[in-house]
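I have placed the structure first, in the form of structure tokens, so that the comments after it can refer back to it.
The chains referred to below are lettered A, B, ... by the order of the sequence lines, with proteins before strands, and numbering in each begins at 1. From a predicted model like this one, the values you see are computed outputs, not experimental measurements.
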There are 2 protein chains.
Amino acid sequence: MPDPEETFLAEYDPAAFPPVAVTVDVVALTMREGVPVALLIRRGVPPFQGAWALPGGFVHADEDLATAALRELGEETRLPSDVHIEQLGGYGSPTRDPRMRVVSIAYLLLAADLPDPRPGTDAAEAAWVPLRELGFGTGGPTPRPLAFDHAAILADGVERARSKLEYTALATAFLPAEFTMAGLREVYEALWNVPLHAANFHRKVLSVPGFVVDTGRLTAQGGGRGGRRARLYRAGDATSLHPALLRPAGEES
Amino acid sequence: MPDPEETFLAEYDPAAFPPVAVTVDVVALTMREGVPVALLIRRGVPPFQGAWALPGGFVHADEDLATAALRELGEETRLPSDVHIEQLGGYGSPTRDPRMRVVSIAYLLLAADLPDPRPGTDAAEAAWVPLRELGFGTGGPTPRPLAFDHAAILADGVERARSKLEYTALATAFLPAEFTMAGLREVYEALWNVPLHAANFHRKVLSVPGFVVDTGRLTAQGGGRGGRRARLYRAGDATSLHPALLRPAGEES
DNA sequence: AGAGAAAATCTCGTTCTGAGAATAACTTAG
DNA sequence: CTAAGTTATTCTCAGAACGAGATTTTCTCT
């Protein structure tokens, strides 16, 4: 049972509570050379100086949370106009930051063709790191430790992306405006770490209303080692997929 | 481009930023007499005095966010031991609270058989309100306005519950430890506002491994107006459903 | 005992899915 | 220029899943 006086003060003077800082952290994912990568920075200042971390920072006064996420990420890389951003959730363990109580709102950002990052003001280094090197996907080296609870946030972001591929048109957010069926399939295969049957995938995608629309045009050239020219598609109106594109039942291969 | 000095201060002295308060708000849902209901309180103090709102309050120092959500809800109703709680996300519009900058972490809580609420220290009244009266479900009266951005949070919570019925075993969280197939179907029908084919639902649920397990026992009595006694099931080990129980394709009836 | 009601099972035609084969269209080696 | 290899796309078919309805079982109430 709480102290009534405390509750009274809380209603009338929220500032009477111990100070809490609010930050945003961003899980930014994109495809580079056919493999999914995440943007990480190496911290130039304590705590966790020298450790890799998610881009992020403190929310400014009178700034919206999503705006803060975009601003912080814009300090590390040039953002294209059409990014997908959604909130992952709040992370507020009392011990997650050794300095003080910090509650962080994490965002998931997906985009195509994000350029090489530039180190921000408080980052010593910034790099796109393949998810395989971060403990996602098959095998790979031992993942490097991340600062704060950023490993958990990154894992939540990757899992969110993986599961939203099933029932939303999220995969197109990883791709440029026009893409091939094979490119779309690559997104699914790379994030799920599963080989998909190309013919069945093709049939399924076209059977979902509004998922992709045929541009009527073809790629300029066939594949590097030969092959028919692929049809080009654009993302359709649909945001949710009916019926869904479910992950194969078995475990990751 | 941010002011480097400001960033420097942010790294070393987070408290230099304008004060932000962190609260939790809870969307608590349960089934009462076959209809889904949400717990609302009527505010006894400004701002929004007299308006209906979600239960919630300020996070204490050194208190975990989920702990705070359970504590705040425990002030309004007696919580059983087996509740399902998950985070909905952070709500941080700069103007969502007229007093000051307040970032709220919202939680979704599901449980069976929650008792009648008792007004908390800062609530004038507390009540279970059918979702139909809050603008969810078919028709119903014009929904009452809620304080702050709680209407949006409630909508997110209901939609989260609705969609997680499809691919997780969440529906059992609305039910007591032992339940009938009809009871489980009622949860789906009430939340989705769709009549389901009882025979096909029965077949589908039993075909999902680990969704429910047969206790081998039957209800003590048949239905009130006659009818065969129903088999009793318990929730199984599975947390995610493979294959999923997808919502019918059409719109809400 | 009979009517009505609810639970559980069965039937059947349609659709969806997984797996492989077949075809079409291209690049490159020679 | 042609054959071999490669990729994209379409086709086929058997098995599984699904929607809708009928049927059977076992209760309660009159």
Side-chain angles (χ1 to χ4, degrees), chain A residues 34 165-167 175 178-189 192 194-209 211-234 241-251 253, chain B residues 34 165-167 175 178-190 192 194-209 211-233 241-251 253:
Chain A
L165 290 187
E166 293 193 316
Y167 54 97
L175 296 169
E178 300 197 337
F179 51 85
T180 66
M181 194 62 73
L184 185 64
R185 182 165 44 84
E186 251 183 8
V187 173
Y188 280 89
E189 292 181 330
W192 285 350
V194 177
L196 297 178
H197 186 120
N200 292 342
F201 181 85
H202 193 278
R203 175 181 60 185
K204 192 76 180 13
V205 167
L206 292 184
S207 80
V208 178
F211 190 4
V212 300
V213 294
D214 193 339
T215 65
R217 295 185 298 102
L218 304 176
T219 50
Q221 298 280 109
R225 285 168 313 203
R228 188 173 172 175
R229 295 194 299 168
R231 208 177 283 263
L232 285 169
Y233 297 90
R234 285 185 288 105
L241 304 185
H242 285 286
L245 258 152
L246 297 177
R247 245 181 289 199
E251 291 308 287
S253 77
Chain B
L165 290 187
E166 293 194 315
Y167 54 95
L175 297 169
E178 301 199 337
F179 51 86
T180 65
M181 195 59 77
L184 185 63
R185 181 164 45 82
E186 251 184 8
V187 174
Y188 279 89
E189 292 181 328
W192 285 351
V194 177
L196 298 178
H197 191 280
N200 292 342
F201 180 85
H202 192 278
R203 176 180 59 186
K204 192 72 178 24
V205 167
L206 291 185
S207 80
V208 178
F211 189 3
V212 300
V213 295
D214 192 340
T215 65
R217 294 184 299 101
L218 304 176
T219 50
Q221 296 283 108
R225 286 169 312 202
R228 187 172 172 176
R229 296 194 304 172
R231 208 177 282 263
L232 285 169
Y233 296 91
L241 303 185
H242 285 285
L245 258 152
L246 298 177
R247 245 180 290 198
E251 293 307 287
S253 78

| Rounding to a whole Å, what distance do you find between B:His242:NE2 and C:dT17:C1'? | 16 Å

| task | In whole angstrom, give the distance that lies between atom NE2 of B:His197 and atom P of C:dA7. | result | 14 Å

| request: To the nearest Å, give me how far apart CG (A:Leu206) and C1' (D:dC11) are. | output: 15 Å

| query | Rounded to whole angstroms, how far apart are CG on A:Leu196 and P on D:dT7? | reply | 17 Å

| Can you tell me how far P of C:dA8 sits from CZ of B:Arg229, to the nearest Å? | 11 Å

| Could you state the CG-P distance from A:Asn200 to C:dT15, rounded to the nearest angstrom? | 18 Å

| Under 4.0 Å between a side-chain N/O of A:Arg225 and OP1 or OP2 of C:dT28, yes or no? | no

| message | Considering every strand and a 4.0 Å limit on heavy-atom distances, what is the contact class for B:Ala198: base, sugar-phosphate, or nothing? | response | nothing

| Any A:Gln221 side-chain N or O less than 4.0 Å from OP1/OP2 of C:dT27 | yes

| query | OP1 or OP2 of D:dA17 sitting under 4.0 Å from any side-chain N/O of B:Lys204? | reply | no

| query | If you look at every strand shown and take non-hydrogen atoms under 4.0 Å, does A:Ala199 touch a base, only sugar-phosphate, or nothing? | reply | base

| Can you find an N or O donor on one side and an acceptor on the other, under 3.5 Å apart, linking the side chain of B:Arg228 with the base of D:dT25? | yes

| task | For A:Arg203, answer base if it contacts any base atom (sugar-phosphate contacts may also be present), sugar-phosphate if it contacts only those atoms, and nothing otherwise; contact means non-hydrogen atoms under 4.0 Å. | result | base

| task | Ignoring backbone atoms, establish whether A:His202 has a side-chain N or O less than 4.0 Å from OP1 or OP2 of D:dT9. | result | yes

